[in-house]
Amino acid sequence: MTNSEILHLRPVEDTDREQLWIWSNDPEVRARSFNSRPIPWEAHCHWFSTRLADHFWKAWIGIDSSYSPVGVVRFQVRETRAEIGVSVAIEARGRGFGRALITQGCTALFQTLPIVAVDALIKPDNIPSLVAFRASGFREVDISSPILHPHRYLVLERLQQLLN
């Protein structure tokens with residue numbers, strides 16, 4: 001993100017349904033996801049409606065200085081932890097919005113809910129995401145996991161976030 005660009009967050013709304021589907025089906029996003037198949041519209045609509053009704057799902061759209069949406073940061077909360085997901089619009093990539101979405105999204109989540117940590121699971125070859133998460137204060141944790149897909153596991157603890 002350049003010095004002249006500012007990122008604002010607003011909660012995801014029902015009117016964001018199509019935009020999130022478009023971002024999610026971007027070929028680069030699909031390639032970096034654990035499930036790389038395109039997402040059918042009907043499946044997305046069901047998922048989106050379910051998430052909007054889920055009190056344990058929080059998501060924000062990032063808006064740039066020209067009031068254009070540049071990406072989404074979303075969290076699935078499980079007890080005292082949350083798993084993060086981020087998508088940056090193709091036209092906004094390479095400008096630092098990934099890091100800004102991660103940082104501001106985590107700040108908003110920590111201010112909203114009494115969770116202790118945010119977890120990120122990232123494919124090992126997804127270098128841009130690894131860089132953005134590390135720059136946002138996440139640290140890599142070496143744990144064994146029952147997840148079938150190879151991944152890197154990074155975590156941001158509430159205390160860490162306060163110190164950054």
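Between G98 and A132 the shortest heavy-atom distance is C-CB, 4.4 Å. Across every non-hydrogen atom of G137 and L156, the tightest pair is O-CD1, 3.4 Å. When every heavy atom of P69 is checked against every heavy atom of I61, the shortest pair comes out as CB-CG2, 3.9 Å. The two atoms that bring C45 and R17 nearest to each other are O-NH1, 3.2 Å, heavy atoms only. Residues L7 and A100 approach most closely at CD2-CB, 3.5 Å, considering heavy atoms. For the residue pair R81 and Y153, the shortest heavy atom distance occurs at NH2-OH, 3.3 Å.
Q104 contributes no side-chain N or O that, together with a main-chain N or O of H8, makes up a donor-acceptor pair within less than 3.5 Å. At least one donor-acceptor pair under 3.5 Å links the side chain of D64 to the backbone N or O of Y67. Although no hydrogens or angles enter the test, the distance criterion places no donor-acceptor pair under 3.5 Å between the side chain of R139 and the main chain of L154. In this structure a side-chain-to-backbone donor-acceptor pair under 3.5 Å is missing from D119 to E83.
Here the CD atom belonging to E157 is positioned 11.5 Å from the CD1 atom belonging to I115, to the nearest 0.5 angstrom. W41 CH2 to N25 CG: the interatomic distance, rounded to the nearest 0.5 Å, is 10.5 Å. Of the inter-residue distances, the one linking D16 atom CG with L52 atom CG reads 8.5 Å to the nearest 0.5 angstrom. The CZ atom of R51 sits 8.0 Å away from atom NE2 of H46, with the distance rounded to the nearest 0.5 Å. Taken from CZ in F48 to OG in S24, the straight-line distance is 10.0 Å, to the nearest 0.5 Å. Rounding to the nearest 0.5 Å places CZ of F138 at 8.0 Å from CD1 of I122.
Side-chain contact check for K58 versus W60: some heavy-atom pair is nearer than 4.5 Å. The shortest distance between side-chain heavy atoms of V131 and R99 does not fall below 4.5 Å. Side chains of I63 and L9 form no contact here, defined as non-hydrogen atoms less than 4.5 Å apart. Contact annotation: the side chain of I84 approaches that of V73 to within less than 4.5 Å [non-hydrogen atoms, C-beta and beyond]. With a 4.5 Å cut-off on side-chain heavy atoms, R74 and W57 count as touching.
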Under the side chain to side chain contact (heavy atoms under 4.5 Å, CB included) rule, what do E91 and V70 come out as? Steps first, then yes or no, please. CA-CA 8 Å; E91 62 275 6; V70 296; over 6 Å; no
Working for side chain to side chain contact (heavy atoms under 4.5 Å, CB included), residues V72 and W23: CA-CA 9 Å; V72 62; W23 287 339; 4.0 Å; yes
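W21 and H44 have tilted rings, their planes meeting at an angle from 30° to 60° on a 0 to 90° scale.
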